[in-house]
Amino acid sequence: MAELKVLFVTSEIAPFIKTGGLADVSGALPAALREIGVDVRVIVPGYPQIMAQMESSEELASFPDLPGFPHCRLLGSTMENGLPLMAIDCPALYRRDGGPYVDASGHDWEDNPLRFGLLCRISAILGCGSSPLSWRPDLVHGNDWQAGLTGAYLNIAQDAVPNIFTIHNLAFQGNFEPGYVARLHLPEQCYAIDGLEFYGRMSFMKSGLYYARHITTVSPNYAREIQGEELGFGMQGLLQVRTSDITGILNGIDTDEWNPAADKHLPFRFSTRNMTGKAKNKRALQELLGLQVDADVPLLAAVSRMTHQKGLDLLLEIAPRLLDVPAQIVMLGTGERQMQEQALSLAARYPGKFAAMIGFDEGLSHHIEAAADMFVMPSRFEPCGLNQFYSQRYGTPPIVHRTGGLADSVMDCTSQTLNDGTASGFVFSGMTEDNLYDAIARAVALYKDLTRWKRLRRLCMIKDFSWETSAKSYLGVYRKVLES
Ligand code: ADP
Ligand code: GLC
């Protein structure tokens, strides 16, 4: 059979531009698919961070007069790992300082519908008969709301290939004023319940879900949860109707990028055979962040966007009780102002015990994963989550709320699961401060029992989280769609 060709549409890709897990997935899944013989090419907006990688690129196509959009070009290059990357060079929409979605002061770019509308428009052009490229995909794979209009554009095109759509987080939907339907040159008929209308707005996410031939999301448990009222964010009706077209595929991790035995971000490397590096990383982090240097005190860590979703408000509330246990806490994150301020004020109140770093720091996030004893993820909801994988691989058992992908990827540690070798962290049900506290207390109790703690750490580290299995599941979905 000829090689299957897939256009992978995404708004961020590690290591060039990252605000969260979507970048990690976009950096690793396409590469894993290539390993199993799929010809995947990735398309992204040409933000400055992407254009910096395009120095030796070639111009693949030019779009001087796409109705509704400024002049733009499509550039092609190859990433270090061999992955072909296409960037949309459109200075009027993408050449600016700030993040992919927000400006330097944290406000959404006002022209986001155009910025991501263009990503969808070009992706759809590449997936239909009039594509200017000789490489034509067999299907287009869109990710999250930023790619959501791709299906709507494909739907009105001639000779369009099928598309699949992956939900990474249903809470972010890209809903805008209905006037954008005309501004983005979509036909009026799209703006309907059976289309991309969503409570009086035009919705990129709804478009993604409605027009996709198949929908995937990033864990089997989240695939079920989004079909209910609590986590459906208004889309549950549509998702229930499409239930037989939804597949949950658990994310994997980039095991080269996240490998404690070879991680370039770590002061000291380690592996199951020699764990002394882990203790040295702990000491180095304590020194770096001004924590009391103490090998024995349990060091709890969180690295996360600071938003309601991530539930770190619970950890901040119980922090004083935890520090008394005693324990130390290190937090790295950015997000809601109030949460940032609360973290900073705890750091000021408990010097030497609580460290807060506000910002996004890839290198430090690796060091923290490696240095900490336990990793805390009390997410209210979590489509998949990646840090619970990273922390397991770094011998730092995660403490997680039983939700979404966290429930699919962390096995609660009990005498039985520790004995049968399946334990990999601590799981609590019910989002309350006491439930989180109890789970951490269970972890701390086991931590004091060195033999059993070492066993748990080892069980975490030997788990297989590579992308291979997930990539095969995506390939299964691609084949099913193409055969249907
Ligand atoms: P989400 O995509 O919802 O933020 P994930 O757990 O899937 O959650 O992915 C988050 C990714 O972003 C992880 O790789 C995590 O380490 C990283 N990350 C989050 N906040 C920070 C930060 N402040 N500094 C460095 N990395 C961060
Ligand atoms: C989203 C989700 C997160 C998931 C990531 C990658 O940002 O919030 O749970 O791991 O996408 O799929």
Side-chain angles (χ1 to χ4, degrees), residues 8 10-15 17-30 99-101 141-147 165-173 205 216-223 225-226 231 233 248-255 257-258 263 265 301-312 330-336 339-340 343 355-370 372 375-394 396 398 400-401 403-410 465 467 470 474:
F8 191 90
T10 182
S11 59
E12 44 184 278
I13 181 164
I17 176 119
K18 165 167 166 177
T19 70
L22 172 60
D24 294 16
V25 173
S26 303
L29 170 60
Y101 318 121
H141 180 172
N143 291 275
D144 261 358
W145 76 261
Q146 294 87 351
F165 183 77
T166 297
I167 306 167
H168 295 264
N169 195 336
L170 198 55
F172 300 100
Q173 302 185 336
M205 177 60 86
T216 74
T217 188
V218 289
S219 69
N221 195 31
Y222 191 63
E225 289 173 342
I226 53 176
L231 292 179
F233 290 95
I249 301 174
L250 199 64
N251 284 335
I253 64 171
D254 184 330
T255 47
E257 192 54 32
W258 292 91
D263 188 330
H265 299 295
V303 177
S304 175
R305 290 186 290 116
M306 289 179 154
T307 62
H308 184 73
Q309 173 190 345
K310 300 294 179 179
L312 290 181
V330 46
M331 231 183 223
L332 166 64
T334 47
E336 289 163 17
M339 235 185 266
Q340 295 185 172
M357 268 73 48
I358 304 304
F360 198 96
D361 187 333
E362 184 74 28
L364 185 59
S365 76
H366 286 240
H367 187 179
I368 291 174
E369 291 280 8
F375 197 90
V376 189
M377 285 183 86
S379 306
R380 289 193 165 77
F381 65 94
E382 194 61 79
C384 180
L386 294 172
N387 277 314
Q388 78 279 16
F389 296 119
Y390 301 149
S391 59
Q392 287 176 63
R393 189 149 158 81
Y394 282 58
T396 309
V400 306
H401 180 217
T403 185
L406 298 176
D408 282 334
S409 57
V410 182
F465 298 125
W467 267 105
S470 316
Y474 278 98

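Each ligand, and each atom within it, is numbered from 1 in the order the structure gives.
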Would you check the N or O atoms of [X], main chain and side chain alike, for any that come under 3.5 Å of an N or O of ligand 1?
{"X": "Glu362", "result": "no"}
{"X": "Leu22", "result": "no"}
{"X": "Thr19", "result": "no"}
{"X": "Met377", "result": "no"}
{"X": "Trp258", "result": "no"}
{"X": "Lys18", "result": "yes"}

Please write down residue, atom name and distance for the protein heavy atom closest to [atom].
{"atom": "atom 5 (P) of ligand 1", "answer": "Leu386 N, 3.7 Å"}
{"atom": "atom 21 (C) of ligand 1", "answer": "Phe360 CE1, 3.4 Å"}
{"atom": "atom 23 (N) of ligand 1", "answer": "Gly359 O, 2.8 Å"}
{"atom": "atom 1 (P) of ligand 1", "answer": "Lys310 NZ, 3.5 Å"}
{"atom": "atom 20 (N) of ligand 1", "answer": "Ser304 C, 3.5 Å"}
{"atom": "atom 2 (O) of ligand 1", "answer": "Gly21 N, 2.6 Å"}
{"atom": "atom 4 (C) of ligand 2", "answer": "Gly385 N, 3.6 Å"}

Which atoms of ligand 1 have any heavy atom of [X] under 4.0 Å away?
{"X": "Asn387", "result": "6 (O), 13 (C), 15 (C), 16 (O)"}
{"X": "Gly385", "result": "6 (O), 7 (O)"}
{"X": "Arg305", "result": "1 (P), 3 (O), 4 (O), 20 (N)"}

- prompt: Just going by heavy-atom distances, which of Gln309, Glu12, His168 is nearest to atom 12 (O) of ligand 2?
  reply: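 Considering heavy atoms of Gln309, Glu12, His168, the nearest to atom 12 (O) of ligand 2 sits in His168.
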field: Ring centres under 6.0 angstrom apart (Phe381, Phe233)
entry: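 Here the rings of Phe233 and Phe381 have centres that are less than 6.0 Å from each other.
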- prompt: At under 4.0 Å between heavy atoms, which part of Asn251 makes contact with ligand 2: side chain, backbone, both or neither?
  reply: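 Looking at Asn251 and ligand 2, just side chain atoms fall under 4.0 Å.
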- request: With heavy atoms under 4.0 Å as the rule, classify the contact between Leu22 and ligand 2 as side chain, backbone, both or neither.
  value: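 Within the 4.0 Å criterion, Leu22 contacts ligand 2 through backbone atoms alone.
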message: Are any of the N/O atoms on Glu382, whether in the backbone or the side chain, positioned under 3.5 angstrom from an N/O atom of ligand 2?
response: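 Between Glu382 and ligand 2 (N or O atoms, distance only) the closest approach is under 3.5 Å.
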query: Could an N or O of ligand 2 be found under 3.5 Å from any N or O of Val218, whether backbone or side chain?
result: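 No - when backbone and side-chain N and O of Val218 are compared with those of ligand 2, no distance drops under 3.5 Å.
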- prompt: Any side-chain donor paired with an acceptor under 3.5 Å for Ser365 and Tyr390?
  reply: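 Their side chains do not contain a donor-acceptor pair, so the 3.5 Å distance test is not met.
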task: Tell me, please, which residues at least two apart from Asp263 pass salt bridge (Lys or Arg N to Asp or Glu O under 4.0 Å).
output: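 Partners of Asp263 under the salt bridge (Lys or Arg N to Asp or Glu O under 4.0 Å) test: none.
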NZ/NE/NH1/NH2 to OD/OE distance under 4.0 Å, Glu369 and Arg393: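 Between Arg393 and Glu369 there is no salt bridge, as every charged N stays at least 4.0 Å from the carboxylate O atoms.
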- request: Check side-chain contact (heavy atoms from CB on, under 4.5 Å) between Glu336 and all other residues, then give those that pass, not counting sequence neighbours.
  value: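 Result, side-chain contact (heavy atoms from CB on, under 4.5 Å) vs Glu336: Thr307, His308, Met339.
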- request: Identify the residue among Ile249, Thr216, Thr217 that makes a side chain to side chain contact (heavy atoms under 4.5 Å, CB included) with Thr166.
  value: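 Answer after filtering Ile249, Thr216, Thr217: Thr216.
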